[in-house]
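Worksheet for the structure shown next.
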Amino acid sequence: MFCTLVAVVFARLAYGLIMPTMQASLGLSVSAAANLGTVTAMGYLALVLPAGSFASRYGSRQAVLLGLCFGATGFAGLSIASAYWLLIILMALLGAATAFAYTPLISLLGNWYPKKRGMVIGFANAGVGLGVLLSGYVVPYLSSEEFGLDSGWRLVWKLFAICTSLCIVLAFLVLKNPPIDRDTQEANDTRANSTGIRSLFSNSHVVTIAFVYGIVGVVYIVQSLFMYSFSLNQGLDPITAGRLMAMMGMLAVVAGPSWGWGSDKLGQSNVLIFCMSISAFGMFIPVVWPTVIGFTAHYLLLGITITGLFTTILATATKTVKPIQAPIAVSFVTVLFALGQLLGPALAGFMIQKSHSYTLTFFLCSLLLALGAYLCWLAGKHERSFFRARHEQIA
C-alpha cells in the first residue's frame with residue numbers, strides 16, 4: 001500500500017493539487033504548467049513496457065526499488081528546482097517511477113499469492129484511495145499562504161521525497177522476488193523475453209483485458225479532471241463537491257480489497273462485468289440527474305467500484321500467462337491504460353469546449369464503460385477457452 005501510495009498518488013495524481021501554487025510561484029503559464037503533467041504521463045507511457053521487461057529479466061523487486069529511487073530523485077529535485085528544462089526532466093522521472101514501481105509490484109504480488117491475487121492486489125490498490133484522502137488534506141494545507149507562496153509547494157515535494165526514501169528502505173527489507181522454477185529459467189535470456197512479449201499479442205484474453213484497461217484509463221482521468229467542474233457548473237458549492245470527492249477516496253480504501261476478495265471467490269471475469277456495469281450506471285446518473293443527489297450517487301458508486309476495476313483487471317491480466325511473463329503482461333495492458341490517460345483529457349476538453357456542456361462527455365464515458373462490460377464478458381470466454389485447451393493438452 002505504501003509503494004502504491006508513493007508511486008501512483010504522489011508521483012501522478014497529487015500534481016493537480018500542487019500545480020496552482022507552483023505555477024504562480026514560478027510564473028508559469030497555464031499551458032506550461034499543464035505540459036509538466038503531460039510529460040509525466042508520457043514518461044509513464046514510454047517506459048511501462050520496458051519496465052515489465054526489466055522486471056522479467058532482473059526481478060520485480062529490483063524494478064520496484066529502481067522505480068522508487070526514480071521517484072525520490074524526482075521529488076527531491078522538484079523541491080529545489082526552478083529552471084523549466086530541469087522541471088521537465090524531473091517530472092519525466094516521476095513517470096518513470098510509476099512505470100517501474102507500480103506494475104512490477106502488482107505482478108510480484110500476483111505471483112506470490114496466485115490463489116489470492118485479487119485480494120492482495122486489492123490491498124495494494126487501497127493505497128491509492130488512502131493517498132488521495134491524505135493528499136486532499138495535506139497538500140492544500142502546506143500550499144496555503146501560511147507557508148508562503150514559494151516555500152509551501154516545495155515543502156510538499158520535500159515531504160514526498162522523505163516518504164519515498166522511507167518506502168525504499170521498507171521495500172528493500174520486505175519485498176522479495178517469488179521463487180522461479182526450472183521451466184522459467186529461460187527468462188534470463190533476452191531472446192526468451194522478446195518472444196514472451198510477442199506471444200502476448202496472440203493471447204486474446206490479455207489483448208481484450210488491455211482494451212478494457214484502456215477504457216478505464218480514459219474514463220477515470222476524465223472523471224477525476226472534469227466531474228468536479230461539472231458539479232460546480234450545475235450549482236454545487238465547492239465545499240460540498242470537495243466532500244463528495246473525499247467520500248469517494250474513503251470508499252476506495254475499503255472497496256479495493258473487498259472486490260479483490262470477491263474476485264478470488266467468484267472469478268475475476270464475473271466480478272469485472274458486475275463492477276464495470278455499476279460504474280457505467282454511476283457515470284450515467286449525473287447526465288440525466290445533475291443535482292446534489294445525482295452527484296452524490298455518482299461519487300458513491302464510483303468510489304465503490306473504481307479500485308475494484310483496477311484490482312480485478314490487473315489480477316485477471318496475469319491468469320493466462322506464465323509466472324515469468326506476469327510483469328510483461330501487466331505492463332502490456334497498462335500501456336493502453338496510460339495511452340487512455342494521455343488522450344482522455346484532450347478529447348474531453350475538446351468536446352466540452354465545442355458543446356459548452358459536460359453532459360455529452362460523461363454520456364460517452366458511460367457508453368465506453370458499457371462497452372467495457374461487454375469486453376469483460378468476451379475476456380471471460382477467452383479465459384475459459386484457454387484453460388479448457390490447456391486441460392485437454394495435459395490430458
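Between Leu343 and Val218, the closest side-chain pair of non-hydrogen atoms is not below 4.5 Å. Side-chain contact between Val216 and Met276 is present, with at least one heavy-atom pair separated by less than 4.5 Å. When side chains are defined from C-beta on, Leu28 counts as touching Leu36, because their heavy atoms get closer than 4.5 Å. Put simply, the side chain of Met22 reaches to within 4.5 Å of the side chain of Leu87, judged on heavy atoms. Using a 4.5 Å heavy-atom threshold, the side chains of Val64 and Leu108 count as separate. Taking 4.5 Å as the limit, some side-chain heavy atom of Leu105 sits within range of a side-chain heavy atom of Leu175. In this structure, Phe54 and Leu66 have side chains that are in contact, with non-hydrogen atoms separated by less than 4.5 Å. Residues Pro286 and Phe230 are in side-chain contact: their nearest non-hydrogen atoms beyond the backbone lie under 4.5 Å apart.
Ring-plane geometry between Tyr213 and Phe337 is classed as parallel, the angle between the planes falling under 30 degrees on a 0 to 90 degree scale with a further cut at 60. Taking the six-membered ring where tryptophan is involved, the planes of Trp157 and Phe75 are essentially parallel, since the angle between them stays under 30° and well short of 60°.
Note that CE of Met42 and OG1 of Thr40 are 11.0 Å apart. Values are rounded to the nearest 0.5 Å. Summarising the geometry, atom CZ belonging to Phe123 is positioned 11.5 Å from atom OH belonging to Tyr113; distances are rounded to the nearest 0.5 Å. Atom OH of residue Tyr84 and atom CE of residue Met91 lie 9.5 Å apart, to the nearest 0.5 angstrom. The structure places CZ of Phe2 at 7.0 Å from OG1 of Thr164, a figure rounded to the nearest 0.5 Å. Residue Leu49 holds its CG atom at 8.0 Å from CZ of Phe332, rounded to the nearest 0.5 Å. Interatomic distance, Leu68 CG to Ser165 OG, rounded to the nearest 0.5 Å: 9.5 Å.
Closest approach of Leu369 and Ile215 over heavy atoms only: N-CG2, 4.2 Å.
Here Phe172 pairs with nothing under the ring-ring contact (aromatic ring centres under 6.0 Å, His included) rule; sequence neighbours left out. Arg154 is linked by a salt bridge (Lys or Arg N to Asp or Glu O under 4.0 Å) to Asp150, counting only residues two or more places apart in sequence or in another chain.
Within a 6.0 Å sphere centred on OH of Tyr358, other residues, nucleotides and ligands contribute more than 12 heavy atoms. Within a 6.0 Å sphere centred on CD1 of Ile293, other residues, nucleotides and ligands contribute 12 heavy atoms or fewer.
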